[in-house]
J.: 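Sharing a structure with you now.
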Amino acid sequence: MAARVRCCHSNAPFTRLPLTRHRNSPTLPISPSRVDFSALKCSRKLSLPIGDGSSIRRVSGSGCRNIVRAILEEKKTEVITEVDEKGFTCVMKFGGSSVASAERMKEVADLILTFPEESPVIVLSAMGKTTNNLLLAGEKAVSCGVSNASEIEELSIIKELHIRTVKELNIDPSVILTYLEELEQLLKGIAMMKELTLRTRDYLVSFGECLSTRIFAAYLNTIGVKARQYDAFEIGFITTDDFTNGDILEATYPAVAKRLYDDWMHDPAVPIVTGFLGKGWKTGAVTTLGRGGSDLTATTIGKALGLKEIQVWKDVDGVLTCDPTIYKRATPVPFLTFDEAAELAYFGAQVLHPQSMRPAREGEIPVRVKNSYNPKAPGTIITKTRDMTKSILTSIVLKRNVTMLDIASTRMLGQVGFLAKVFSIFEELGISVDVVATSEVSISLTLDPSKLWSRELIQQELDHVVEELEKIAVVNLLKGRAIISLIGNVQHSSLILERAFHVLYTKGVNVQMISQGASKVNISFIVNEAEAEGCVQALHKSFFESGDLSELLIQPRLGNGSPVRMQVEN
Ligand SMILES: Nc1ncnc2c1ncn2[C@@H]1O[C@H](COP(=O)(O)OP(=O)(O)O)[C@@H](O)[C@H]1O
Ligand SMILES: N[C@@H](CC(=O)OP(=O)(O)O)C(=O)O
């Protein structure tokens, strides 16, 4: 293996790439067995020039690690020499609300141009409500008959929106026309087959992101900003074959880094990447990462390229103290840890995709949530740690449409393995469980509604679960429940619980289950769905609108009398 790597610091002559963390150690020829990839990962400030003598490129960041791995995996034997080109600095993801119209796309382009010091990778979602419209169109196609498929109302809405956008942006409509024709053909195909499999559903919704990115890249090119469109499933986003809910596989990171850097070095252009989409590793078919999955696309690129920041641009001033559609007086949360953000997303805050924090946490890359409608607002910055000294409650999250199961063993106390048996039934049926509270002979738990949503046979599945559990237990299935999660500093759980229960007691609400669990940041309780919104509003008033709760804290003190500073680490 003859690849050689050198490192360059911006103002210094080329020094030699440390294969350990020491910057000034000598250059060594690299071979898979000699490269300490974990050391490379730490070297975020290193630059890695690669080339074949004729064309020479340089990349920066911990993406170097992925490039080196990719080179080695391909068994390239080229010599690496110096150049001085700028790599990518950040990823900017714009959600559907940010690119909902031609006007919005222009504003987003302006916004990107207001950061000339950045060299961003752009990730886009489908325009506005296009994903919902595609799903609705697909469902209608199943039963409307082939001859009516072209007339589906949502198809017309999608066509009209995209054609109008292209006209208003003054770009060549051919960039999207073939896609719109193909979409119509696909709906006819669904109508003919009279079925919409999960695989076809993913292919169908992929049109949304394929269209929006093509339009935006074409627009940037017309205003003189060189841009290049990418379909994520063509540039190395490899996922499991779980259609509608694909998991990003490890191979994605080096593949995406290599493709984006290679293209950039041959011919620099701003990459415009489709969010939400991937390619199933066995089937080779288009997959999606679950609703809101463009956030995960952005953090995956952030980690792959070792960027300094991941920005997700939304239609709100950051992560708020609760869903603003439930309670208008929600306010932005300036700082969050990855743990808090992940928990918040997992327990239902639509603002972030539940899996999106994982790559950011692994790459230790800060995530900034900003408002594309109000760029001056500071937004929320999500990092590994933050000062928790005064933090009590951060945000209140509501998850609706929850099914709860009370499971009591038919045998009496002391039954060994009861919990194991119950959970093995869920494992066998592939159903995921959200909140759990147990005693030796009984369990209360909730089923993850998003998992149920993404699959069919919901009622049959529930019946089947109950049937299996009834072999060992008395089962009570309770629908129409909601989970209210209090995300915050569980170090102060007594204060949080005292206040929360006072609020709920005052409202006459009976909590049906509570779980604090092992999480350092979340206390959840289950109430009737009909009461849930009122509870969130009352809790918000009590925790965020009635003075500084931190004054109630009894501060732990060191021997010298000074207060202990608390840091929460993921
Ligand atoms: N705690 C929260 N903070 C901010 N927004 C929230 C929260 N909970 C729910 N939301 C909803 O999330 C929306 C933003 O997320 P999303 O629709 O995925 O944005 P985008 O499509 O721009 O990526 C907001 O408009 C808001 O209604
Ligand atoms: N368009 C997809 C993916 C996505 O991330 O969208 P948004 O960024 O608008 O939430 C969806 O609606 O689920």
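Whatever order the structure lists ligands and atoms in, that order sets their numbers, starting from 1. Numbers here simply count residues along the sequence, with the first being 1.
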J.: Regarding Lys507 and Glu531, does a basic nitrogen lie under 4.0 Å from an acidic carboxylate oxygen?
T.: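 Judged by the 4.0 Å cut-off on N to carboxylate O distance, Lys507 and Glu531 do not form a salt bridge.
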
J.: State whether a side-chain donor-acceptor pair under 3.5 Å links Asn528 with Gln512.
T.: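 Indeed, the side chains of Asn528 and Gln512 share at least one donor-acceptor pair under 3.5 Å.
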
J.: Stepwise, does the salt bridge (Lys or Arg N to Asp or Glu O under 4.0 Å) test hold for Asp241 with Arg199?
T.: CA-CA 9 Å; Asp241 289 285; Arg199 178 175 172 153; over 6 Å; no

J.: Which label fits Tyr179 and Phe207: parallel for a plane angle under 30°, tilted from 30 to 60°, or perpendicular past 60°?
T.: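 Tyr179 vs Phe207 ring planes: perpendicular.
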
J.: Write down the atom of Ala349, the atom of Val397, and the distance for their closest heavy-atom approach.
T.: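 Taking every non-hydrogen atom into account, N-CG1, 3.4 Å.
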
J.: If we count only N and O atoms by modelled type, under 3.5 Å, do the side chains of Arg201 and Thr288 hold a donor and an acceptor together?
T.: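 Their side chains do not contain a donor-acceptor pair, so the 3.5 Å distance test is not met.
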
J.: What part of Pro324 sits under 4.0 Å from ligand 1 if we count only heavy atoms: the side chain, the backbone, both or neither?
T.: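 The answer is the side chain of Pro324.
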
J.: Can you tell me which residues line ligand 2 if we count any heavy atom under 4.0 angstrom from one of its atoms, in chain and number order?
T.: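 Within 4.0 Å of ligand 2, protein side: Lys93, Gly95, Gly96, Ser125, Ala126, Thr131, Glu209, Phe276, Arg291, Gly292, Gly293, Ser294.
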
J.: Based purely on interatomic distance, does Asp295 place a nitrogen or oxygen under 3.5 Å from a nitrogen or oxygen of ligand 1?
T.: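 Such a contact does not occur with ligand 1.
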
J.: For the residue pair Thr287 and Asp202, confirm or rule out a side-chain donor-acceptor distance under 3.5 Å.
T.: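 Result is no, nothing qualifies.
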
J.: So if I count the atoms of ligand 1 from 1 in the order they appear, which ones are less than 4.0 Å from some heavy atom of Val319?
T.: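 Result: 3 (N).
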
J.: Near Val316, which atoms of ligand 1 are under 4.0 Å from a heavy atom of that residue?
T.: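 Counting atoms of ligand 1 from 1, those under 4.0 Å from Val316 are 4 (C), 5 (N), 24 (C), 25 (O).
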
J.: Would you say Lys106 has more than 12 foreign heavy atoms packed within less than 6.0 Å of its NZ?
T.: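 More than 12 heavy atoms, drawn from other residues, nucleotides or ligands, come within 6.0 Å of this atom.
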
J.: Considering only the protein, which heavy-atom contact is closest to atom 22 (O) of ligand 1, and what is its distance?
T.: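 Going by distance alone, atom 22 (O) of ligand 1 is nearest to Ser97 OG, 2.7 Å.
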
J.: Compare Asp315, Asn371, Leu398, Asp323 and give the one whose heavy atom is closest to atom 24 (C) of ligand 1.
T.: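 Result: the heavy atom closest to atom 24 (C) of ligand 1 is in Asp315.
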
J.: Using heavy-atom distances, let me know which of Leu344, Leu320, Val99 sits nearest atom 3 (N) of ligand 1.
T.: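 It is Leu320 whose heavy atom sits nearest to atom 3 (N) of ligand 1.
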
J.: In terms of residue, atom name and distance, what is the protein heavy atom nearest to atom 15 (O) of ligand 1?
T.: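 Ranked first by proximity to atom 15 (O) of ligand 1 is Val351 CA, 3.6 Å.
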
J.: Heavy-atom distances under 4.0 Å decide this one: backbone, side chain, both or neither, for Thr325 against ligand 1?
T.: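 The side chain, only.
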
J.: Salt bridge check: are Arg214 and Asp231 linked by an N-O gap of less than 4.0 Å?
T.: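 So Arg214 pairs with Asp231 through a salt bridge.
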
J.: Within the 3.5 Å criterion, strictly below it, is a donor on Asp339 or Thr337 matched to an acceptor on the partner's side chain?
T.: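 No pair is found: no donor N or O on one side chain lies under 3.5 Å from an acceptor on the other.
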
J.: Salt-bridged, Lys140 to Glu151, with N to O below 4.0 Å?
T.: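 The answer is no: the pair does not qualify as a salt bridge.
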
J.: Quick test: of every protein heavy atom, which one is nearest to atom 19 (O) of ligand 1, and how far off is it to 0.1 Å?
T.: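 I find the closest protein heavy atom is Lys314 CD, 3.5 Å.
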
J.: What residue and atom, counting heavy atoms only, is the protein's closest point to atom 17 (O) of ligand 1, and at what distance?
T.: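 Here the nearest protein heavy atom works out to Gln350 NE2, 3.0 Å.
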
J.: Would Tyr346 and Asn522 count as having a side-chain donor-acceptor pair, cut-off 3.5 Å?
T.: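 Asn522 and Tyr346 do not have a side-chain donor-acceptor pair below 3.5 Å.
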
J.: So which protein heavy atom does atom 20 (P) of ligand 1 come closest to, and at what separation?
T.: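 Protein heavy atom at minimum distance: Gly95 CA, 3.7 Å.
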
J.: Got a second to check how far Arg291's CZ is from Thr244's OG1, nearest 0.5 Å?
T.: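 If I round to the nearest 0.5 Å, the distance is 10.5 Å.
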
J.: Relative to the heavy atoms of Gly96, which atoms of ligand 1 are at a distance of less than 4.0 Å?
T.: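 Contacts of ligand 1 toward Gly96, numbered from 1: 21 (O).
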
J.: At a 4.0 Å threshold, what atoms of ligand 1 neighbour a non-hydrogen atom of Lys93?
T.: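 What qualifies from ligand 1 is 23 (O).
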
J.: For ligand 1, which atoms sit closer than 4.0 Å to a heavy atom of Cys322?
T.: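 By the 4.0 Å cutoff, the relevant atoms are 1 (N), 2 (C).
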
J.: Less than 4.0 Å is my threshold; does some heavy atom of Ser294 fall inside it relative to ligand 1?
T.: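 Distance cut 4.0 Å: Ser294 fails for ligand 1.
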
